[in-house]
Amino acid sequence: METTKSTRESVKPPGESTASARPPAVTAALAALLLLAASIVGQIAAGADYPVVPPGLVIPLVAAGLLFWRVNRWTTGLALTVGLFIGTGAFLTPNTGDHLSSGDTALVVSTGAEIIALAGLVVAGAVATLRKATRA
């Protein structure tokens, strides 16, 4: 006598992953956090004065790790807060203006990338957080 087990199999269309995909805003926030960290590394390589352990590098990497690990309203809100926090510092200190007017191509490009990353992070973080809030 043969018994059959009842299993719930979900059939996905060809080409569709069975893993849960990240929402586009979360993916954009992750990319912006990593670009922000990379831009800080570029500024350091170009000769900008940073502390031994630059908070502008460590904070986005920690936030990206948390957002990658667990996507929820708390981590998307953290990404938004990081963008606002570091962005405020970037615009209130004279360093950003000094970097952009330095004439050093690597420093100008990496600072421009930082500004783009911060703007993208604030927008993506806000969208991801608001979408999580409306679904909760």
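For reference, positions follow the sequence shown, starting with 1. Hydrogens, waters and symmetry mates are skipped; everything else that's a heavy atom, side chains included, is used.
Closest approach of Gly89 to Thr93, counting heavy atoms only: O-OG1, 3.0 Å. Between Thr96 and Ala90, the shortest heavy-atom contact is OG1-O, 2.5 Å. Summarising the geometry of Gly83 relative to Leu118, their closest heavy-atom pair is O-CD2, 3.8 Å, with the distance given to 0.1 Å. The minimum heavy-atom distance linking Ile44 with Pro54 is given by the pair CD1-CG, 3.8 Å. Heavy atoms only, all atoms of each residue included: Ala128 and Val26 are closest at CB-CG2, 4.0 Å.
You'll find the side chain of Trp74 reaches within 4.5 Å of the side chain of Leu66, heavy atoms only. Between Leu80 and Leu121 the shortest side-chain heavy-atom distance does not fall below 4.5 Å. The shortest distance between side-chain heavy atoms of Thr76 and Arg131 does not fall below 4.5 Å. Between Leu67 and Leu78, the closest side-chain pair of non-hydrogen atoms is not below 4.5 Å.
Ser39 contributes no side-chain N or O that, together with a main-chain N or O of Ala113, makes up a donor-acceptor pair within less than 3.5 Å. Panel note: side chain Ser110, backbone Leu107; a donor-acceptor pair is recorded below 3.5 Å.
The CG atom of Leu100 lies 4.5 Å from the CD1 atom of Ile115; values are rounded to the nearest 0.5 Å. Taking CD of Gln43 as the start and CG of Asn95 as the end, the distance is 8.5 Å to the nearest 0.5 Å.
The local environment of CZ in Phe85 is sparse, with at most 12 non-hydrogen atoms from other residues, nucleotides or ligands closer than 6.0 Å.
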